[in-house]
Amino acid sequence: MSYDHQKIEAKWQERWANQRVFNVTEDPSKPKFYNLCMYPYPSGALHQGHIRNYTFGDLLTRYKTMRGFNVLSPMGWDSFGLPAENAAIDSGLDPRENTEAQIVTMTRQIKQLGAMYDWDRELASHHPDYYRWDQWLFLQLWDRDLAYKKEAPVNWCPKDQTVLANEQVVDGACERCGTIVERKNLAQWFFRITDYADRLLDDLDQLDEWPDRVRTMQRNWIGRSEGARFTIKVAVSNLSFEVFTTRPDTIFGMTFCVLAPEHPLVDSLISGTDHEDEARAYVAQAARASEIERMAEGEKSGVFTGAYAVNPINGRQVPIYIADYVLMGYGTAAIMGVPGQDQRDWDFATRYGIEIIRTVQPLASWEGEAYLGEGETINSGFLDDLDQTGAKQRIIDWLEEQGIGERTVQYRLRDWLISRQRYWGSPIPMIGCPSCGLVPVPLDQLPVLLPDVEDYAPRGQSPLASAEEWVHTTCPACGGEARRETDTMDTFVDSSWYFLRFTDPHNDHAAFEPGNARYWMAVDQYIGGVEHAILHLLYARFITKFLSDIGLSPVTEPFSRLFTQGMITLGGAKMSKSKGNVVDPLELFASHGADSLRLYHLFMGPPTDDAAWDTNGVEGTSRFLDRVWRVVTETERFDGDPDRDLVAQAHRTAKKVTEDIERFVFNTAIPPLMTLTTSLLETARKGTDRETFDQVVEILIKLLAPMAPHIAHELWERTGHDSMLALEPWPVWEADLVTQATVVMVVQVNGKVRERIEVAADISPEEAERVALGLEKVQGWIDGAEIHRVIARPPNVINFVVG
RNA sequence: GUCGGAGUGGCGGAAUUGGUAGACGCGCCAGGUUGAGGGCCUGGUGGAGCAUGGCUCUGUGGGGGUUCGAGUCCCCCCUCCGACACCA
């Protein structure tokens with residue numbers, strides 16, 4: 001018989017909400033715990049990934065509450081973004097109405113899961129009272145020269161006539177229409193995150209409760225390289241350019257130079273020369289080609305400019321090429337070509353017949369490719385015989401003495417491109433004035449409201465541009481006619497500070513009150529998908545550091561502990577609507593109940609790992625809950641004796657479950673609860689006394705409360721308690737009961753298990769040896785041979801080495 | 001290519017410090033309950049062999065090594081997944 005989960009789940013969801021069990025205020029008398037699941041995009045329907053995320057989060061909220069913490073667990077909506085806009089374009093749905101309807105639906109579904117949040121703090125980034133503070137944040141950055149506008153190459157879809165974010169470009173093509181993406185120069189807004197590169201990198205060391213792989217990914221993304229930057233003169237001209245290198249020690253091996261096709265010097269180098277036509281054709285082709293095409297070509301391509309560069313170290317003249325393997329966005333967009341010590345330069349030199357000079361003596365014979373290893377410097381004048389470290393030091397000193405170069409640090413990280421030629425986002429609060437230039441919207445005029453438009457389809461510029469009345473405004477500086485910025489902000493701006501807003505969500509005169517933030521920050525546990533390991537987490541760290549610098553954030557790192565969950569797969573692929581392999585949580589709420597589904601998500605495997613879906617597994621956890629139900633509702637006999645073993649088992653279970661939750665591993669916390677339930681059912685048949693039984697049942701219900709809260713609360717009530725289980729203290733265990741008196745010891749002969757024997761847990765090595773040697777089977781295996789060694793590790797194992 | 005992560009029964013997985021490999025669940029098999037089915041209960045379930053109420057061998061992607069003892073530690077290789085992807 002199975003219990004009526006629909007009825008009891010609805011009952012308790014209503015009670016928790018009515019009694020405001022999970023609504024919190026700042027309370028200095030209690031330790032605080034800020035527990036946060038990454039706020040979702042309101043897609044309109046929960047999928048299993050959400051269920052998994054909120055099940056983990058809710059388990060922690062409930063567990064920490066029972067442990068006596070003041071737990072803040074808020075929920076909100078990352079409600080700006082492309083899907084709502086695409087729905088508007090494709091189906092004519094109003095983005096605002098559509099988004100808000102989806103929020104209503106998803107809120108209902110989250111409540112059906114029994115996941116509890118402080119809904120008084122709910123926020124949605126598309127609300128003017130939220131995005132007003134995005135705009136405020138933008139202006140704070142602008143005031144400190146950390147927001148700027150400049151021309152930059154962007155991904156451009158020629159069919160959709162729009163700019164695409166990097167993540168919308170899949171294999172070099174537009175994610176929506178499949179057209180090959182072009183690169184195009186457009187004036188864009190940036191945040192100067194590179195100013196924070198060092199701090200973002202260095203502070204990763206503090207985040208020792210983040211997964212290593214996430215820290216590694218961030219480290220690689222920031223990509224710090226130490227090296228030198230120096231000036232190279234162009235022969236027979238007064239032109240020069242700068243190069244960056246991590247291997248200044250190889251400067252004597254420079255046999256050519258390369259400029260990126262977009263390098264500003266290219267034009268003056270080739271104008272009016274014999275090489276002009278060929279070079280211009282190459283530059284044009286590089287501009288047209290997508291990244292994918294550039295790479296797919298396999299071999300490195302380039303073209304000679306006709307000009308020569310002068311190596312400052314020895315005056316030697318080397319040819320200057322243009323090649324697209326040198327990137328405009330990194331370093332100085334120009335390099336010294338040292339084929340002997342760089343594989344890319346080697347490939348290029350080999351193709352174009354350029355001389356190769358080795359400047360490092362390989363440790364072993366080495367041919368056919370560049371040598372990147374250690375070795376003595378050779379063919380390098382005054383650097384000869386030095387090792388790499390010494391040679392680098394020496395040459396940088398020399399460059400600095402000559403006043404042509406310096407030691408420098410280069411990052412792979414680029415500034416954050418935040419403007420989008422899109423409708424459904426926070427308008428950038430700037431005004432373009434013909435006489436004053438770029439002028440910020442005064443703070444007292446925020447928010448700049450998103451205007452209504454007729455047509456959301458991209459036409460090569462932001463849809464906001466079509467709202468003529470809105471665009472036309474007056475310049476705050478001179479009062480003349482001016483035009484508003486029509487780009488909106490990347491939604492990653494919204495999510496880069498929402499966790500601070502949750503500490504003071506209704507503030508209408510500031511983004512948040514520093515006092516509230518001081519109580520709640522940092523987020524003690526942040527839970528979400530690993531797909532946000534780089535961008536969101538990096539941006540959030542950046543903005544938090546910035547807000548700390550201007551005295552508003554109490555912390556320099558927003559998330560103390562990060563947990564990234566694995567994804568759900570079915571048939572070997574990630575569960576997704578487009579692949580058609582989704583299992584709808586709503587159907588499972590109806591058929592098995594939220595508790596069974598939650599328990600299955602906890603049980604199916606390590607929370608960090610990807611997990612393969614199996615609906616039969618929900619059947620299994622559902623059966624388990626039926627058994628728990630029967631323990632309480634069908635036990636009638638209480639005519640036996642107190643059962644100390646059962647109590648001991650309950651205490652061991654409490655210890656194990658607590659330890660597993662603390663280390664964030666849930667799949668191993670459930671088996672002991674299952675076996676405890678089986679023991680209770682056996683005991684119920686056998687008979688015990690009422691006191692023992694009630695005591696053990698109480699522990700079981702409490703341990704189950706964070707995992708399967710509805711059934712746990714119902715059984716708590718049915719076992720005669722008036723209190724709210726969610727606010728009851730977590731079970732404690734007695735150390736004496738947890739330690740077992742006897743254990744099974746393994747007896748090995750020559751490392752092979754030959755016998756098992758039950759012994760006292762505190763047996764001495766001598767006693768263990770005596771007992772083991774007394775065993776008939778062990779004697780049979782020793783078979784009269786000499787015992788060379790006895791390794792006794794009581795009470796687990798004893799091993800006789802014979803032979 | 002570089003950097004991460006992972007390979008254990010038919011399946012999901014367990015084994016936290018080197019010490020009983022396969023906990024727990026699913027699936028499957030047998031028996032019980034039932035008019036039948038479902039449900040529930042009990043037992044079994046890595047592989048091979050045999051003198052089959054038990055015993056022996058073998059077994060954690062492959063190959064070597066360290067150790068009394070290796071899923072766990074070291075070296076080499078293979079496969080899969082993820083991130084970055086010409087970063088000078």
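Picking from B:C3, B:C84, B:C68 the nucleotide with the shortest atom distance to the side chain of A:W221 gives B:C84. Comparing B:C40, B:U20, B:A23 by their nearest atom to the side chain of A:V746 picks out B:U20. In this structure, of B:G12, B:C24, B:A15, it is B:C24 that holds the atom nearest to the side chain of A:M674. Residue A:K752 has its side chain nearest to B:U58 when only B:C26, B:U20, B:U58 are considered. For A:R756, the listed nucleotide lying nearest its side chain is B:A21; candidates were B:C68, B:A21, B:A85. Checking B:C55, B:A83, B:C68 against the side-chain heavy atoms of A:N799 singles out B:C68 as nearest. Out of B:G25, B:C41, B:U56, the shortest distance to the side chain of A:R754 is found at B:U56. Here the side chain of A:R623 is nearest to one of B:G27, B:A88, B:C41, namely B:G27. Considering only the side chain of A:L327, B:C86 comes nearest among B:C68, B:C86, B:A15. The A:V753 side chain lies nearest to B:A21 when the options are B:A21, B:G13, B:A88.
Here A:E406 pairs with nothing under the side chain to side chain donor-acceptor pair (under 3.5 Å) rule; sequence neighbours left out.
Heavy atoms of A:R414 sit under 4.0 angstrom from at least one base atom. Within the 4.0 angstrom heavy-atom criterion, only backbone atoms of the sugar-phosphate kind lie near A:R213; the bases stay farther away. Using a 4.0 Å heavy-atom criterion, one finds that A:D345 contacts no nucleic acid atom at all. Residue contacts shown for A:P672 are absent, as no nucleic acid heavy atom lies under 4.0 Å away. Among the heavy atoms of the strands, none lies under 4.0 Å from A:I670. Looking at heavy-atom distances under 4.0 Å, A:N667 makes contact with sugar-phosphate atoms alone, never a base. Looking at heavy-atom distances under 4.0 Å, A:G620 makes contact with sugar-phosphate atoms alone, never a base.
Across B:C75 and B:C80, the matching P atoms stand 23 Å from one another, rounded to whole Å. B:G7 and B:G71: their P atoms are spaced 14 Å apart (whole Å). Taking atom C1' in both B:G46 and B:A15, the straight-line distance is 16 Å, to the nearest Å. For the P atom pair drawn from B:G25 and B:U45, the interatomic distance equals 14 Å after rounding to whole Å. On the P atoms, B:G65 is 15 Å away from B:U72, given to the nearest whole Å. Taking atom P in both B:G35 and B:G44, the straight-line distance is 28 Å, to the nearest Å. Nucleotides B:A30 and B:U16, compared at atom P, are 37 Å apart to the nearest Å.
Distances shown here put a side-chain N or O of A:R627 below 4.0 Å from the OP1 or OP2 atom of B:C41. The side chain of A:R793 places no N or O atom within less than 4.0 Å of a non-bridging phosphate oxygen (OP1 or OP2) of B:G69. Proximity of A:S225 to the phosphate of B:A88: a side-chain N or O atom is located under 4.0 Å from OP1 or OP2.
Between A:F666 and A:F603, the ring center distance fails the sub-6.0 Å criterion.
Between the CG atom of A:N796 and the P atom of B:A21 there is a distance of 13 Å, rounded to whole Å. Between the CZ atom of A:F241 and the P atom of B:A88 there is a distance of 18 Å, rounded to whole Å. In this structure, CG of A:L681 is placed 11 Å from C1' of B:C41, rounded to the nearest angstrom. Between the C1' atom of B:U16 and the CG atom of A:D660 lies a distance of 9 Å, rounded to the nearest Å. In this structure, A:D626 places its CG atom 15 Å from C1' of B:G25, rounding to the nearest Å. Atom-to-atom, NZ of A:K655 to P of B:U16 comes out at 13 Å; the value is rounded to the nearest Å. The distance between atom CZ of A:R685 and atom P of B:U33, rounded to the nearest whole Å, is 16 Å. Across the protein-nucleic acid pair, A:E659 atom CD and B:U16 atom P stand 13 Å apart, rounded to whole Å.
In summary, A:R224 and A:D198 engage in a salt bridge, as defined by a charged side-chain N under 4.0 Å from a carboxylate O. Ionic pairing of A:D212 and A:R215 is present here: one or more N-O contacts between side-chain nitrogen and carboxylate oxygen are shorter than 4.0 angstrom.
Taking the syn range as angles within 90° of 0, the glycosidic angle of B:G13 is outside it, so the base is anti.
A donor and an acceptor atom sit less than 3.5 Å apart, one in the side chain of A:Q748 and one in the base of B:G19. At a cut-off of 3.5 angstrom, the base of B:C26 holds no donor-acceptor pair with the side chain of A:N616.
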How far apart are the C-alpha atoms of A:Y600 and A:N616, what are their side-chain angles, what is the distance that settles it, and do they pass the side chain to side chain donor-acceptor pair (under 3.5 Å) test?
-> CA-CA 10 Å; A:Y600 174 59; A:N616 281 326; over 6 Å; no

Dot-bracket notation for RNA chain B is requested: 5' to 3', Watson-Crick or G-U wobble pairs only, both distances under 3.5 Å, with ( ), [ ], | and . as defined.
-> (((((((..(((......[....)))(((((((.....)))))))(((((...)))))..(((((..]....))))))))))))....

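Scanning both residues, A:I527 and A:N53, for their nearest heavy atoms gives CG2-ND2, 3.2 Å. Across A:V743 and A:P795, no two heavy atoms sit closer than the pair CG2-CB, 3.4 Å.
A:K300 forms a cation-pi arrangement with A:Y325, by the criterion of a distance under 6.0 Å to the ring centre and an angle within 45° of the ring axis. In this structure, A:R561 fails the cation-pi test against A:W210, since its NZ or CZ atom is not both closer than 6.0 Å to the six-membered ring centre and inside 45 degrees of the ring normal.
Side-chain polar atoms of A:Q649 and A:S679 form a donor-acceptor pair below 3.5 angstrom.
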